[in-house]
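To start, the structure itself, in structure tokens.
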Amino acid sequence: MADPQSFTALVVETILRIPKGKVASYGQVAAIAGYPRMARHVSWVLNRDSRKYNLPWHRVVNASGGISLKGESGDLQRALLESEGVEFSPAGKVSMKLFGWLQG
DNA sequence: GCCATGGCTAGTA
DNA sequence: GCCATGGCTAGTA
């Protein structure tokens with residue numbers, strides 16, 4: 001990564017643009033920010049800067065539409081998404097087709 | 001299920 | 001080595 005500051009700023013900006021009731025994957029956020037293949041690093045920006053920038057951190061899920069967080073944080077993420085109208089399949093996944101920011 | 005990614009950060013939103 | 005991921009490739013004729 002050439003510029004960590006720029007990476008963080010662009011990822012933060014991208015996450016802030018995810019509309020309420022929609023989700024995006026880590027990889028999509030990274031790609032939109034201009035850093036393809038940096039999906040894993042999006043998660044770090046998320047947990048480090050969510051409070052600072054009041055990020056809608058719960059709107060970022062994995063590429064399969066599943067919640068990657070384990071335990072109570074994962075339960076909270078699902079609850080926050082459901083409160084915005086996002087629906088989960090019996091397998092616990094969000095349809096990226098229906099709720100994905102970029103498809104839809 | 002397995003392996004490539006990419007930077008080095010470790011909290012619980 | 002680790003990881004809140006991603007893609008199904010992994011070869012260099």
Side-chain angles (χ1 to χ4, degrees):
Chain A
M1 168 161 60
D3 186 351
Q5 302 264 315
S6 185
F7 174 77
T8 298
L10 290 166
V11 166
V12 164
E13 180 187 321
T14 300
I15 294 169
L16 286 171
R17 300 212 328 263
I18 305 171
K20 183 178 181 179
K22 295 290 185 181
V23 299
S25 72
Y26 300 89
Q28 287 173 335
V29 170
I32 293 167
Y35 294 85
R37 294 182 296 285
M38 296 287 273
R40 309 196 76 126
H41 295 260
V42 170
S43 66
W44 182 245
V45 173
L46 240 19
N47 79 42
R48 189 190 55 188
D49 296 327
S50 281
R51 284 157 300 182
K52 183 175 178 182
Y53 297 106
N54 199 23
L55 299 181
W57 60 273
H58 57 286
R59 307 213 266 248
V60 184
V61 298
N62 63 42
S64 307
I67 288 178
S68 294
L69 284 170
K70 304 303 178 192
E72 293 182 13
S73 295
D75 295 340
L76 173 60
Q77 180 171 9
R78 174 169 176 150
L80 287 170
L81 286 172
E82 288 179 326
S83 75
E84 298 184 348
V86 174
E87 295 167 13
F88 286 76
S89 73
K93 291 186 176 181
V94 176
S95 164
M96 296 305 273
K97 178 125 180 164
L98 294 176
F99 299 102
W101 176 28
L102 302 180
Q103 21 274 334

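Letters A, B, ... mirror the listed sequences (proteins, then strands); counts begin at 1.
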message: Using the rule side chain to side chain contact (heavy atoms under 4.5 Å, CB included), only one of A:Val61, A:Leu81, A:Val94 pairs with A:Phe99; which is it?
response: A:Val94

Nucleotide [N], atom [atom2] - distance to [atom1] of [X] in whole Å:
| X | N | atom1 | atom2 | value |
| --- | --- | --- | --- | --- |
| A:Trp57 | B:dT12 | CH2 | P | 12 Å |
| A:Gln77 | C:dA4 | CD | P | 12 Å |
| A:Arg40 | C:dG7 | CZ | C1' | 13 Å |
| A:Leu16 | B:dA13 | CG | C1' | 14 Å |
| A:Asn62 | C:dC8 | CG | P | 16 Å |
| A:Tyr35 | C:dT5 | OH | P | 21 Å |
| A:Leu55 | B:dA13 | CG | C1' | 10 Å |
| A:Lys52 | B:dT12 | NZ | P | 15 Å |

statement: Here DNA chain C, pairs taken as Watson-Crick or G-U under 3.5 Å and shown with ( ), [ ] when crossing and | when to another strand, reads |||.||||.....

- request: Report yes if a donor N or O on one partner sits less than 3.5 Å from an acceptor N or O on the other, where the partners are the side chain of A:Arg37 and the base of B:dT5; otherwise report no.
  value: no

- request: Mark yes or no for whether A:Gln28, through its side chain, and A:Val60, through its backbone, hold a donor-acceptor pair below 3.5 Å.
  value: no

